[in-house]
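Labels below follow one simple rule: chain letters A, B, ... track the order of the sequence lines, proteins then strands, and each chain is numbered from 1.
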Number of protein chains: 2
Amino acid sequence: MRTTIKDIAELANVSIATVSKVINGKDSSISKKTREKIKRIIEEENYIPNSVARTLVTKQSYSLGMIVPDICNPFFSQLIRGVEEDANKKGYDLIITNTDDDDEKLLVQLELMKKKMVDGLILISSQNSSIGEILDDINIPTVLVDRVVEHRSLVGRVEIDNKKGGSLATSHLIEKGCKKIVFLAGDIQTFSSYQRYLGYKSALEDHGLKFDETLVEFGSFHSEFGYNAVLSLLDKKCSFDGIYASNDMIAVGAMQALKSCGYRIPEDIKVIGFDDIYLSALVTPTLTTIHQPVFEMGSTASRILIDYLSNKTKSETPVVCFDTRLIERESTR
Amino acid sequence: MRTTIKDIAELANVSIATVSKVINGKDSSISKKTREKIKRIIEEENYIPNSVARTLVTKQSYSLGMIVPDICNPFFSQLIRGVEEDANKKGYDLIITNTDDDDEKLLVQLELMKKKMVDGLILISSQNSSIGEILDDINIPTVLVDRVVEHRSLVGRVEIDNKKGGSLATSHLIEKGCKKIVFLAGDIQTFSSYQRYLGYKSALEDHGLKFDETLVEFGSFHSEFGYNAVLSLLDKKCSFDGIYASNDMIAVGAMQALKSCGYRIPEDIKVIGFDDIYLSALVTPTLTTIHQPVFEMGSTASRILIDYLSNKTKSETPVVCFDTRLIERESTR
DNA sequence: CTGAAAGCGCTTACAG
DNA sequence: CTGAAAGCGCTTACAG
């Protein structure tokens, strides 16, 4: 049987209340002698307090839930690292789940977070209109990253200016001489992707280029989509000289397809991505992209959430918007 | 205030015992009428049972702990996906932490798992001699992936034949004409890396090549190590015509360094990795590597663990050893 | 068919 | 300086 507070109390000939006080450092009133005796016994017995019991009475689990679309996308694994960095430092741990952009899964996972009594939630969800209501029901303090869903337990948002980033990317291709720029949108239902799409359109307009909807492809955020979309465009004899992808995974898939069809990057077709995952510096040619400070975004999300949990003063909901910047690499040089 | 079982009981005019029974499907003795009434009220109130309270009494949390070195390495994020696939299907969720190969962190995380009452553990730890004792203390049913640490709560292992894989990789380079093969070992303290090292040595011997310790570099499992190790070897005017890296991240870093110094892959120097993470098919040239069925390894680890938790019959500790195979790509063609 | 009561391992307000 | 007691939200053996 596992050692409990009762065992420690018996061994020390004190009450469990006294043991509890020294465990929690509320021992200013406890004599030095008993305090040290209890500490010694805890040490000897390798006693680890049961935080499940503790959570039940204090209503604080010191766990945060983190729900991401896909842990295998380096953008999200880095984001997790950022959250972890801040949260662990403050004594919180993380329960992480993947939605695969599936709202059914999201719902199950939100209920899981409720069951497990997480103190707060860091969420990169879908944007479906029903999500707001569900979050209202669940009612756990939530920080959104790169998403916008209004609901009553929202305590902060961390984001970048996706429209500006999209415009930056598109303008860069135009300045490099591209006239017919494909946009690989990924899932346009996603807030950030839609904003990047708007940025694409506005940059075209700013430079006097006509928007051509046959140059836009919709799909998911994986490299397979980029690969297949490019093949399908080439198959349709669509001609283009630049590709702007909504994230780096898509861009990398697109580059693969181009190379397999004998196109040279950047000579024949230039490619730009979005996110600046480490992968983009490792592929050949290295990928020009829009950098997001992803680690910092994660730690900021955690900081906002834990600040809220510590103060419970629901002041203005903070929205932190990070700057993006263009990282020019070989794929557009 | 959150809805509790007491609220539901009051609304239904029954005792909490009765509500508990219908929640848990132990309602064969409950009249259809009360059962349906209770279900309706649960629905109406959006009642989600508090699993923290449940865990405290049943001693089952339906959570598994999973401790990996680095969630950002695609090998581990894929492994997590494999575990998740099996575990979620069976009603278990995951608490995931990163050790960064730091034993201090590992210790804290093991205590966390104990505190949180996880039912079992899937562990990719370091191999330090003290870990066995610590695991004895912690005493949570554990499945090890790609590691060997004897302890009393070990319930299974999932692995590959790393020595054979290492030999396969090295032999491939030799058959492709390499005479001086560098081994980028990563952290040789790691069981799998050491086995891969033994495979390297034995393949050299089998082919009548002399082992040369100046061709072996030790470090970590990141691309930075591969990059720096190659630069340092070149700096020392060390000559070589093949590189075998202990994982793909290292190999990719090594390729970068080679390319930046003007070497052609595979014409001047051939490169082979280990793991077959998705990245290896995306870099240029594409990377020859030793494939591990990582997703399946994850789901198998989960299956073994949950089987044990369901039966508690500690029969023979199962050890599942998966086959590896060579994936030939451009980097050795 | 239903419920009262004990108990899981803790914390905390209160009494002495 | 220390402890008895109530309570957190559940489950379960038992009684009726």
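- At a threshold of 4.0 angstrom between heavy atoms, the contacts of A/Ser29 include nucleobase atoms, whether or not backbone atoms are also involved.
- In this structure, B/Arg152 does not pair ionically with B/Asp137, as no charged nitrogen and carboxylate oxygen lie closer than 4.0 Å.
- With a heavy-atom cut-off of 4.0 Å to chain B, the contacted part of DNA chain C has its first and last nucleotide at C/dC1 to C/dG9.
- Annotation: of the two residues near DNA chain C, B/Ile30 and A/Arg2, the 5′-most nearest-nucleotide partner is B/Ile30.
- Between A/Ile122 and A/Val158, the closest side-chain pair of non-hydrogen atoms is not below 4.5 Å.
- Backbone-only engagement by A/Thr4 is indicated by non-hydrogen atom pairs under 4.0 Å involving sugar-phosphate atoms exclusively.
- Residue A/Val14 is in sugar-phosphate contact alone, with no base atom involved, counting any heavy-atom pair closer than 4.0 Å across all strands shown.
- The shortest non-hydrogen separation linking A/Pro318 to A/Val155 is CD-O, 3.0 Å.
- Using a 4.0 Å heavy-atom cutoff across all strands shown, B/Ser31 reaches sugar-phosphate atoms only and no base atom.
- Heavy-atom distances to DNA chain D give each of B/Ile23 and A/Thr34 a nearest nucleotide, and the one nearer the 5′ end belongs to A/Thr34.
- Between A/Arg2 and A/Asp7, no side-chain nitrogen of the basic residue sits less than 4.0 Å from a carboxylate oxygen of the acidic one, so the salt-bridge criterion is not met.
- Pair check for C/dG3 finds D/dC14; Watson-Crick or G-U wobble, both atom distances under 3.5 Å.
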Evaluate the criterion side-chain hydrogen bond (donor to acceptor under 3.5 Å, both in side chains) for residue pair A/Lys116 and B/Ser63; output intermediate values, then yes/no. CA-CA 10 Å; A/Lys116 294 274 174 183; B/Ser63 288; 2.5 Å; yes
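- Between B/Glu43 and B/Arg40 no salt bridge is recorded (no basic side-chain N to carboxylate O distance below 4.0 Å).
- Using a 4.0 Å heavy-atom distance criterion, A/Lys21 is classed as a base contact.
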